[in-house]
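Comments concern the structure below.
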Amino acid sequence: MSKGITSKNEDYSQWYNDIVIKADLAEHSSVKGCMVIKPYGYSIWEKIQAVLDQKFKDTGHSNAYFPLFIPKSYFSKEASHVDGFATECAVVTHYRLKNDGNGNIIVDETAKLEEELIVRPTSETIIWNTYKGWIQSYRDLPLLINQWANVVRWEMRTRLFLRTTEFLWQEGHTAHATADEAIEETRKMLDVYADFAENWMAVPVVKGVKTPNERFAGALDTYCIEALMQDGKALQAGTSHFLGQNFAKAFDVKFTSKEGKQEHVWATSWGVSTRLMGALIMAHSDDAGLVLPPKLAPIQVVIVPIYKTDEELKNITSFVDELVAKLKRLGISVKYDDRDSQRPGFKFAEYELKGVPVRLAIGARDMENGTVELARRDTREKQTVTQDGLEIFIPQLLEDIQQNIFNKALNFRQDHITEANSYDEFKELLDGKAGFISAHWDGTPETEQKIKEETKATIRCVPLDNKLEEGVCIYSGKPSTQRVLFARAY
């Protein structure tokens, strides 16, 4: 099986696209800017969903669903919010088509909507308009709601999973009686995202807060997790926003406090999207294809029989059936690929390309010797192991692979966080080693914007674990009390 994957050192962008397509994760749709997530890719997204959904429920949240279409007037109620999304909105203006008499379907000009509808770019406005009817008293708080949905943000330049016109995500929207409670919620959900990224995706992340220039439209503070990809670019893997009372005031969402006073509620929103799929690919994969952490792999173990006769296959299958049953009882997903339409070598290449963590090959001689050939995807190492105790050995091996993938990504990130103490040094790093650059900034949006215009690097975040340190801004020379993380990003 010819993989035909471009080397990531030769052309990282093409390498990424090759893996997405050839590993059967997704493809471009006939609808410009949109993608088709194929079954194998969607099965990874389903595992992401399942883990996060349980985490949300464990922290007291419930799922709901809100309309895809949002009246345009709702957006005008929160000025900074609409400014942030205005250029990305898809707008529905008519509600009917008709035949023009010549066999063509056209928009019925008489079926114009009284008010245009915005196709959901994010749901703050429709949700806060709804919450007005749900919240009257402090007894109704906190209100902790999550939504799994699709959104539309009109994109001119798209990349599968990373940036498409329509994509999938979850968005949490919560209401609280006090600012402190809302801030606690914002930080709690950031921790949920960080835990998931590191312990399931095996992607190390930096937790931080965005600068005002990079803040979510309508938020008072945006917290984020930032990950580093193998080409030295950053990827924002999740955000959690403290919205203050902006949306509550815009939609007049008030509650009666314990003291009998009418007060506006305090709000948060938080979300991750199918961009996590892009992060998985770019953080771990290699020139042989996808590398998946076992916890998110749709198939954790694949077993390939090697045989010449039906009798040999029957003997192998009898052993495999028992092993599969044992592994499945342990919650391990296993595939026994006994297809006779493909040779073993083709199957090996296919599952390597698809990132299956563990591959077992069993032939007639293995059955005689009581062994199997085992290959691990993360290191591409092979070894011969005894059949006895495989149901104990494999779970331990999967844990080792999960940790090894994380450690590799962590070591890469640690090797690609570099301090810069001058603007020349900063630019030299960007054009060379890249990665995260830790540098002093004077705290002004003007300086941040100038650096972005001149270098295409942005402040990814002010790390939450930052230590105060006296210094001077690399651009303006003005005093600074801490370093921030710069990078070019997706």
Side-chain angles (χ1 to χ4, degrees), residues 1-6 8 11-50 52 65-70 85-97 104-107 116-123 126 147-171 201 229 231 233 235-238 271-283 285 289-290 292 296-299 350 353-355 489-490:
M1 179 179 180
S2 175
K3 297 187 181 74
I5 295 174
T6 304
K8 64 182 175 185
D11 187 336
Y12 192 86
S13 179
Q14 188 58 51
W15 166 81
Y16 172 80
N17 288 332
D18 287 347
I19 288 180
V20 172
I21 299 297
K22 295 180 183 298
D24 241 12
L25 301 177
E27 64 185 26
H28 293 284
S29 166
S30 58
V31 181
K32 189 175 181 180
C34 296
M35 66 175 170
V36 174
I37 304 176
K38 301 181 79 173
Y40 191 65
Y42 199 80
S43 64
I44 299 172
W45 176 243
E46 284 181 314
K47 295 201 83 166
I48 291 172
Q49 274 188 300
L52 283 172
Y65 187 80
F66 298 85
L68 174 67
F69 302 110
I70 304 171
F85 288 98
T87 60
E88 301 176 347
C89 288
V91 186
V92 179
T93 59
H94 292 73
Y95 62 86
R96 187 166 58 219
L97 301 173
N104 300 312
I105 299 297
I106 62 172
V107 174
E116 294 92 339
L117 297 174
I118 311 301
V119 183
R120 175 175 54 219
T122 182
S123 296
I126 187 69
Q147 171 175 240
W148 291 96
N150 60 338
V151 293
V152 171
R153 296 180 186 175
W154 215 258
E155 294 284 354
M156 296 298 104
R157 291 161 51 180
T158 59
R159 293 189 70 184
L160 294 169
F161 290 120
L162 295 175
R163 195 173 295 277
T164 50
T165 298
E166 180 192 14
F167 56 91
L168 305 180
W169 78 349
Q170 59 73 213
E171 49 181 322
M201 292 178 61
M229 303 297 99
D231 63 345
K233 286 186 177 179
L235 186 140
Q236 180 180 283
V272 296
S273 75
T274 37
R275 282 171 65 86
L276 292 181
M277 296 284 291
L280 261 186
I281 298 162
M282 292 194 294
S285 300
L290 196 61
L292 290 175
L296 293 180
I299 304 168
E350 178 182 17
L353 174 61
K354 289 193 170 186
Y490 286 95

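In this text, all values refer to a predicted model and were calculated from it rather than measured experimentally. Atoms considered below: every heavy atom in the structure, side chains included; atoms not considered: hydrogens, waters and symmetry mates.
Annotation: the span from Leu160 atom CG to Ser29 atom OG amounts to 10.5 Å, rounded to 0.5 Å. A distance of 8.0 Å separates CE in Met229 from OH in Tyr490, rounded to the nearest 0.5 Å. Leu280 contributes atom CG, which lies 9.5 Å from atom CG of Leu25 (distance to the nearest 0.5 angstrom). Separating the CZ atom in Arg157 from the CG atom in Leu162 is a distance of 13.0 Å, to the nearest 0.5 Å. To the nearest 0.5 Å, the span separating CD1 on Ile126 from CD1 on Ile70 amounts to 6.0 Å. Distance check: Met156 CE to Glu88 CD gives 9.5 Å after rounding to the nearest 0.5 Å.
Shown here for Tyr40 and Asp24, the closest heavy-atom pair between the two residues is CB-O, 3.6 Å. Of all heavy-atom pairs spanning Met277 and Gly41, the tightest one is CE-O, 3.2 Å. Considering all non-hydrogen atoms of both residues, Tyr42 and Ile37 come closest at N-CG2, 3.5 Å. The shortest heavy-atom contact between Ile44 and Leu296 is CG2-O, 4.1 Å. Shortest non-hydrogen contact noted between Leu168 and Trp45 is CD1-NE1, 3.7 Å. For the residue pair Lys22 and Leu353, the shortest heavy atom distance occurs at O-CD2, 3.2 Å.
Using a 4.5 Å heavy-atom cutoff, the side chains of Thr164 and Thr274 are not in contact. Between Asp231 and Lys8, the closest side-chain pair of non-hydrogen atoms is not below 4.5 Å. Within the 4.5 Å cutoff, the side chain of Arg120 has heavy atoms near those of the Asn150 side chain. For the pair Ile299/Ser43, no side-chain contact is recorded, criterion being any heavy-atom separation below 4.5 Å from C-beta on. Looking only at side-chain heavy atoms (C-beta outward), Val92 and Val119 come within less than 4.5 Å of each other. The shortest distance between side-chain heavy atoms of Glu171 and Ser123 falls below 4.5 Å. In this structure, Leu97 and Val107 have side chains that are in contact, with non-hydrogen atoms separated by less than 4.5 Å. Annotation: side chain of Trp169 is not in contact with side chain of Arg275 (no heavy-atom distance under 4.5 Å).
Without hydrogens or angle criteria, Lys47 side chain to Pro298 main chain gives no donor-acceptor distance under 3.5 Å.
Heavy atoms of other residues, nucleotides or ligands lying less than 6.0 angstrom from CH2 of Trp148 number more than 12.
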If you apply the rule side-chain contact (heavy atoms from CB on, under 4.5 Å), what do you find for Ile118 with Phe85, and how did you get there? CA-CA 11 Å; Ile118 311 301; Phe85 288 98; over 6 Å; no
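Neither side chain, Asn17 nor Arg159, offers a donor N or O lying under 3.5 Å from an acceptor on the other.
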